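Numbers restart at 1 for each chain; the letters A, B, ... are given by sequence-line order, proteins then strands. This structure is a prediction, so every number in the text was calculated from the model and none was measured.
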Amino acid sequence: MVEIRLTNTRTRRKEAFTPIDPRNVRLYLCGPTVYDRAHLGNARPVLVFDVLVRLLRHVYGADHVTYVRNFTDVDDKINARAAATGRTIREITEETVAWYHQDMDALGAARPDHEPRATEYIVQMVAMIETLIANGNAYEAEGHVLFDVRSFPEYGRLSGRSVDDMIAGARVEVAPFKRDPMDFVLWKPSEADQPGWDSPWGRGRPGWHIECSAMSAALLGPSFDIHGGGIDLQFPHHENEVAQSCCAHPEAGFANVWLHNEMLQVEGKKMSKSLGNFFTVRDLLDKGVPGEVIRFVMLSTHYRKPMDWTETKAKEAERHLENWFFALVQAGYSKSMVETLKNGGVWRPLDAVVNALANDLNTPGAIAALHDVTLGGSAVQSAPFAASLEMLGFVPDWDEIGSFARVGVGSVGEHPARDRVAALLLDRQEAKRVKNFQKADEIRNHLQRAGVEVRDTPGGGWTFELGPDFDEAVLDDLGRP
RNA sequence: GGCGGGUUGGCGGAGAGGUUACGCAGCGGAUUGCAAAUCCGUGAAGACCGGUUCGAUUCCGGUACCCGCCUCCA
């Protein structure tokens, strides 16, 4: 069996991964607070975990992995959005969840096995808070329930901080009812116009961190294998989760392995609204950047390094994917072909790809291994390469690869000019057949001027692509001397 | 102030204490009516200073610069 090695934030080392139960490997990823479209940075942990889950399913079996990713649908940001727009919280969260699904689907990220919503686990949260109070780890004060960080000696270990150091450098105003400035809220009172639930401490709502502790325990148990998220969540979110979960379940270990991805930048700078380089996944998709391209760029940088999104990378990524898919189309790939190959027992990803992924999810290494493959052989010969692409999640639908590769006529897009371009190319094909190369080149030059990129294929065929500066008006000049 | 990450060839980006990463661009060649694509080959690196070692870009220490977190942003 392939040994998977992962860098564990908890121990700051790369360690061999050993599941608690190989028949049920359990993972939890902190999902979004649903008040707005997912931005590009939100996609990174999703894709990292998507690859991780694919790897785990490959190694331990498809039915032996349980992947949970939550929706936090109770939060003051949501309340603020509702107040600002006059819409109900329910409308906003429902809409945002649907958007999230669309956008992550477009990136080829498989849906988790469970997508619990915080509002469906209020009972479990209240119960956990009661346990924490009973265990002496939390206290009630002025309608709030707070976690007592001094009651948990390990507090700060995950993020490598000490409570005293943090207090020394703290820049936050401290609520007067806190015993310690670092104590954090488990439950807080709600005004009449705020969402709230009845509790032993009056009508209120949960604090930010408790939902993940409650939902992971409910769906995965108090001890599970891998917990992840962006490095910015390491503190305070994950630190607080550890405190809550370990104190509520002193007998359990909570998450064995903590995985944190580094942040995303855009053209070398932090993505922020003030710099004007902030964009969502949807913005990119609407701009015509395919989800596979976004995925490719994301996976081109190791998850533990800052990743820089640039136009150049997106273009390079698109080029590679086009060439790869083009080669597979020529080798006869389709959904039914892949079925046949799978039944034929030749559907095995390349060892080099699996080994790279097993080595702390070295996705750039896996992609490099794909570059080493010589394409152009038969479908069977290409199977390990194709299976590797699938393992990396680049192929949501084998029947669609032709359209990505932009092969032939009518197989792509709906642009009304396609038929006209195709007709001209048929003329050119005829001109080439009779060796009238002057005319053939003329047609190609005209098409180029209109922004159409033409490629000849062996045997006198061709493919074309409408470039970004395609101008149908120029087509009207075609054929004139 | 505290904590963490980074610094590799023109650009992007990995692994490994000693042997070619890989991709893009460049150069040479094959192929092609010409292009494009593809294929083969090829030059180019490890921020700075010290230490450990037979040998370090890879380990250790220090310096510089960049970035992030400590403010319910993945």
Side-chain angles (χ1 to χ4, degrees), chain A residues 9 12 29-33 36 38-49 72 75-78 80 156 159-173 182 184-185 188 207-209 211 228-240 260-265 268-273 278 296-297 300-308 310 312-313 315-317 319-320 322-323 326-327 330 352 355-356 359-360 362-372 374-376 431-432 435-438 440-441 444-445 448 453-458 462-465:
Chain A
T9 308
R12 305 199 186 239
L29 175 65
C30 288
T33 299
D36 206 352
H39 66 246
L40 193 58
N42 295 122
R44 176 117 105 136
V46 172
L47 291 172
V48 169
F49 259 62
T72 297
D75 184 279
D76 288 349
K77 283 197 295 282
I78 304 172
S159 53
R161 298 150 203 253
S162 81
V163 174
D164 293 321
D165 286 348
M166 282 189 285
I167 291 168
R171 289 183 258 163
V172 261
E173 295 230 2
M182 295 313 295
F184 58 91
V185 172
K188 54 189 167 186
W208 174 31
H209 317 290
E211 85 278 19
I231 188 70
D232 56 335
L233 288 185
Q234 186 186 25
F235 188 90
H237 184 57
H238 288 159
E239 192 70 56
N240 293 354
H260 288 108
N261 61 275
E262 256 294 341
M263 297 290 98
L264 176 122
Q265 300 186 326
K269 293 186 175 134
K270 174 174 170 143
M271 182 166 82
S272 73
K273 286 178 181 166
F278 181 94
F296 190 108
V297 173
S300 302
T301 297
H302 186 84
Y303 76 94
R304 296 187 60 240
K305 288 205 171 178
M307 121 115 233
D308 194 15
T310 64
T312 311
K313 286 183 182 177
K315 284 200 184 99
E316 277 188 23
R319 197 58 169 256
H320 286 306
E322 274 178 23
N323 291 340
F326 185 65
Q330 287 193 311
N355 291 338
N359 180 14
D360 200 24
N362 184 1
T363 50
I367 290 172
L370 292 177
H371 286 305
D372 281 340
T374 301
L375 295 171
K432 277 172 66 179
K435 303 230 184 289
N436 184 350
F437 297 120
Q438 194 190 343
D441 290 351
R444 184 173 64 200
N445 292 340
Q448 257 162 11
E453 202 180 296
V454 179
R455 286 192 207 173
D456 290 350
T457 57
W462 37 263
T463 73
F464 69 90
E465 174 180 334

I'd like a table of atom pairs between the protein and nucleotides 43-48 of chain B - only N or O on both sides, under 3.5 Å - with the distance next to each one.
none

Test side chain to side chain donor-acceptor pair (under 3.5 Å) applied to A/Thr33 - qualifying residues, sequence neighbours left out: none
With sequence neighbours excluded, residues passing side chain to side chain donor-acceptor pair (under 3.5 Å) with A/Lys188: A/Asp76
Heavy-atom protein contacts under 4.0 Å, nucleotides 27-33 of chain B, coded B base, S sugar-phosphate only, - none: ------B
Any A/Lys313 side-chain N or O less than 4.0 Å from OP1/OP2 of B/rC11: no
Whole angstrom value for the distance that separates C1' of B/rG2 from CE of A/Met182: 11 Å
Results of ring pair (Phe, Tyr, Trp, His ring centres under 6.0 Å) for A/His39 - residues two or more places apart only: A/Phe278
By side chain to side chain donor-acceptor pair (under 3.5 Å) - contacts of A/Asn261 (at least two apart): none
For A/Asn436, all residues meeting side chain to side chain contact (heavy atoms under 4.5 Å, CB included), sequence neighbours excluded: A/Ala431, A/Val434, A/Gln438, A/Lys439
Touch class at under 4.0 angstrom, heavy-atom based, for A/Thr310 against every strand present: nothing
Partners passing ring pair (Phe, Tyr, Trp, His ring centres under 6.0 Å) against A/Phe235 (at least two apart in sequence or in another chain): none
Table of protein N/O atoms under 3.5 Å from nucleotides 6-9 of chain B N/O atoms:
residue : atom : partner  : partner atom : Å
B/rU7   : OP1  : A/Lys305 : NZ           : 3.1

Set of residues satisfying ring pair (Phe, Tyr, Trp, His ring centres under 6.0 Å) with respect to A/Phe296, sequence neighbours excluded: A/His320, A/Trp324, A/Phe394
Set of salt bridge (charged side-chain N to carboxylate O under 4.0 Å, His left out) partners for A/Asp36, sequence neighbours left out: A/Arg81
Gap in Å between the two P atoms, one belonging to B/rG43 and one to B/rC27, rounded: 16 Å
Atom pair distance, as rounded to whole Å: NE2 in A/His302 and C1' in B/rC22: 16 Å
Any A/Asn359 side-chain N or O less than 4.0 Å from OP1/OP2 of B/rG15: no
For RNA chain B, stems built from three or more consecutive Watson-Crick or G-U wobble pairs below 3.5 Å: B:1-7 with B:64-70, B:10-12 with B:22-24, B:26-30 with B:38-42, B:47-51 with B:59-63
Any A/Ser159 side-chain nitrogen or oxygen under 4.0 Å from OP1 or OP2 of B/rC3: no
Sugar-phosphate only, base, or nothing, as touched by A/Leu264 at under 4.0 Å among non-hydrogen atoms: base
Residue A/His320, side-chain heavy atoms: nucleotide from B/rC70, B/rC24, B/rA74 that is nearest: B/rC24
Nucleotide of B/rA74, B/rC67, B/rG13 approaching A/His39 most closely (side-chain heavy atoms): B/rA74
